[in-house]
Amino acid sequence: MWTSRRMGHHLWLSLFVCVWTCMHAVPIAVDKTKVDPPADNRDPPESADTGLHYDRYLREVIDFLEKDPHFREKLHNTDMESIKQGKLAKELDFVSHHVRTKLDELKRQEVNRLRTLIKAKQDMEGGKVCASQATSDLENYDKNRHEDFKRYEMMKEHERREHLKTLDEEARKKEEQHYEEMRKKHADHPKVNHPGSQDQLKEVWEETDGLDPDDFDPKTFFSLHDTNGDGYFDEQELEALFTKELEKLYDPTHEEDDMMEMEEERLRMREHVMNEVDTNKDRLVSLKEFMAATKKKEFLDTDPWETLEQGQMYTEEEMREFEEHLAREENDLNQKTADLQRQRDELERQQEKLNAQKVELQQAMEHMDKIKQQKTEPAAEVKVPLTPGEAAIPVLPGDSQSIPAGHQQGSPVHS
């Protein structure tokens, strides 16, 4: 919560692989009572890890990402499983704005599809299997998102420790002091109400809805926040209810507040409410389930919510294994770098050899051209001078023609 926002931005994108990350807690107005399960004539998914059409969804995402030149090169060298594991997450930082917008649209379509499948179990023969698989998909999303967040937190701590190693003793003490100050500053916040409790809902009723807390009515509250009017709270509608509590903990303008942690906190709150209220485990809260929850003693719970910084996100053993994994990856990368450097050196030597051979060949060609030219040149003429007033007579080498009398060299001249 106190480290670089650059890193937070990276992991915001990295959770794309789990679909939920980039999703804001703004309810999506889809009338689940009027939407038929989408027809799908495409080939079934190749992988059995997620079931349903999750792999198809990933392929749609990949197809669109391939329109981005930078990401296309990365994707062509990565298999589907690596993409699911989030290994390309950091590259999403470089895609264009319109690509990110399309990714959000695809994600909403996939989530709505899953919601529709769950709701359709009441209307379809044999729909229990279908709904069960859809629910399993969504649970896998949450599980993967938690794992990604844990890795994010461990990477933050790893980078902090590595940074401390580069500092002298005085600078290291200042950095550690600043670190502790940021922790304490983040932990100093107003009471966070228990999600789904009467106090938490009344706060929304008063501050968001602008109504008198003394007039709080659970049924009216449900109708106000069932934004699509389908008689259910879906997960997005639930998460929207926690905004006020999260604003007590996180401010994007504060150094000590990490927005990635805010999204993890939102997920924890939603899961807590679902576990206590969603009795049939369809990941939807009906009006009946909601009203039943308001009659439980937990609804009157006034204890504060235990926030992230109050719990342990990972153990030291997990941190040690994570750093060992990073060290192995770094060693592998260094080895590959060294191998590539050797290959480069060898290629440069071969290139130098080829260049030398090319020079020798050029010299040989030039020498042969000179010889050929000498053989094809016409013999030079020798002009023999005559007496004054007469033109010189050209004589070719080897010409046996005699020189006119009186013009031979050394002949006496008669008067």
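In what follows, every heavy atom counts, from backbone to side chain, and hydrogens, waters and symmetry copies are set aside.
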Exercise for the section: Report the residues that fulfil salt bridge (charged side-chain N to carboxylate O under 4.0 Å, His left out) with E317, sequence neighbours left out, ordered by chain and then residue number. Expected result: R320

Practice task
Report the residues that fulfil ring-ring contact (aromatic ring centres under 6.0 Å, His included) with H325, sequence neighbours left out, ordered by chain and then residue number.
Solution key: none

Problem - Interatomic spacing from CD in E263 to CZ in F149 - rounded to 0.5 Å - result: 10.5 Å

Practice task
Heavy atoms only: give me the nearest F322-R151 pair and the separation to one decimal.
Solution key: CZ-O, 3.9 Å

Problem - Least distance between heavy atoms, L326 atom then H158 atom - result: CD1-CD2, 3.5 Å

Exercise for the section: Indicate yes or no: does K191 engage E203 in a salt bridge with an N to O separation below 4.0 Å. Expected result: no

Handout entry: Side-chain donor or acceptor of N275 paired with backbone N/O of E271 under 3.5 Å
Key = yes

Practice task
Determine whether D226 and F233 make a side-chain contact, defined as any pair of heavy atoms from C-beta on separated by less than 4.5 Å.
Solution key: yes

Practice task
Ignoring hydrogens and angles, tell me if any N or O in the side chain of D301 forms a donor-acceptor pair with the backbone of S197 under 3.5 Å.
Solution key: no

Practice task
Could you grab the distance from atom CD of E256 to atom OH of Y179, nearest 0.5 Å is fine?
Solution key: 14.0 Å

Practice task
Check for a donor-acceptor pair, side chain of E235 on one end and backbone N or O of L284 on the other, with a separation under 3.5 Å.
Solution key: no

Practice task
Kindly write out the residues that satisfy side chain to side chain donor-acceptor pair (under 3.5 Å) with N355, not counting sequence neighbours, or none if the list is empty.
Solution key: Q351

Practice task
Mark yes or no for whether E289, through its side chain, and T279, through its backbone, hold a donor-acceptor pair below 3.5 Å.
Solution key: yes

Handout entry: Closest non-hydrogen atom pair, G231 against F222
Key = O-CZ, 3.6 Å

Fill in the blank from the handout: The side chain to side chain donor-acceptor pair (under 3.5 Å) partners of R328 (sequence neighbours excluded) come to none

Problem - By ring-ring contact (aromatic ring centres under 6.0 Å, His included) - contacts of W305 (at least two apart) - result: H194, H272

Problem - Under the salt bridge (charged side-chain N to carboxylate O under 4.0 Å, His left out) test, residues paired with E316 that sit two or more places apart - result: R161

Problem - Between NZ on residue K288 and OH on residue Y232, distance to nearest 0.5 Å - result: 10.5 Å

Completion exercise
Separation between CG (L201) and CD (E206), nearest 0.5 Å, reads 13.0 Å

Problem - Any side-chain heavy-atom pair of F221 and D209 under 4.5 Å - result: yes

Exercise for the section: Tell me, please, which residues at least two apart from E265 pass salt bridge (charged side-chain N to carboxylate O under 4.0 Å, His left out). Expected result: R268

Problem - Test item: K185 side-chain N/O and D257 main-chain N/O as donor-acceptor pair under 3.5 Å - result: no

Handout entry: Side chain proximity check, V285 to D234, heavy atoms < 4.5 angstrom
Key = no

Problem - Contact check, side chains of E239 and M269, non-hydrogen atoms, under 4.5 Å - result: no

Exercise for the section: Please round to the nearest 0.5 Å and tell me the distance separating atom NZ of K375 and atom NZ of K370. Expected result: 15.5 Å

Problem - Least distance between heavy atoms, E309 atom then T307 atom - result: OE2-OG1, 2.7 Å

Exercise for the section: Provide the full list of side-chain hydrogen bond (donor to acceptor under 3.5 Å, both in side chains) pairs with a residue in residues 166-176, sequence neighbours left out, each pair given once. Expected result: R160-E176

Problem - Side chain proximity check, L333 to E329, heavy atoms < 4.5 angstrom - result: no

Problem - For E180, side chain to side chain donor-acceptor pair (under 3.5 Å) partners two or more places apart - result: none

Handout entry: Test of ring centre spacing under 6.0 Å for Y250 and H189
Key = no

Handout entry: Test item: D278 side-chain N/O and R283 main-chain N/O as donor-acceptor pair under 3.5 Å
Key = yes

Handout entry: Pair R270 + D142, salt bridge at N-O below 4.0 Å
Key = yes

Handout entry: Contacts of E181 that satisfy salt bridge (charged side-chain N to carboxylate O under 4.0 Å, His left out) - sequence neighbours left out
Key = none

Handout entry: Shortest non-hydrogen contact between Y314 and E153, atoms and distance
Key = CE2-CB, 3.9 Å

Problem - Heavy-atom donor-acceptor pair, Q200 side chain to L241 backbone, under 3.5 Å - result: yes

Practice task
Using modelled atom types only, decide if a donor and an acceptor are shared between the side chain of E245 and the backbone of N193 within a distance under 3.5 Å.
Solution key: yes

Problem - Side chain E318, main chain T315, donor-acceptor under 3.5 Å - result: yes

Just distance, no hydrogens or angles: give the donor-acceptor pairs under 3.5 Å from side chains in residues 338-349, sequence neighbours left out.
from	atom 1	to	atom 2	distance (Å)
D339	OD1	Q335	NE2	3.1
D339	OD1	R342	NH2	2.0
Q341	NE2	D345	OD1	3.0
R344	NE	E348	OE2	3.3
E346	OE1	R349	NE	3.3
E346	OE1	R349	NH2	2.7
E346	OE2	Q350	NE2	3.2

Exercise for the section: Kindly indicate, with the supporting measurements, whether the criterion side-chain hydrogen bond (donor to acceptor under 3.5 Å, both in side chains) is fulfilled by E264 and H146. Expected result: CA-CA 7 Å; E264 176 68 9; H146 284 309; 2.7 Å; yes

Practice task
Using the test side chain to side chain donor-acceptor pair (under 3.5 Å), find all partners of E162 that sit at least two apart in sequence or belong to another chain.
Solution key: K165

Handout entry: Sidechain N-carboxylate O distance under 4.0 Å for D258, K156
Key = yes

Problem - Side-chain heavy atoms of E237 within contact of H225, under 4.5 Å - result: no

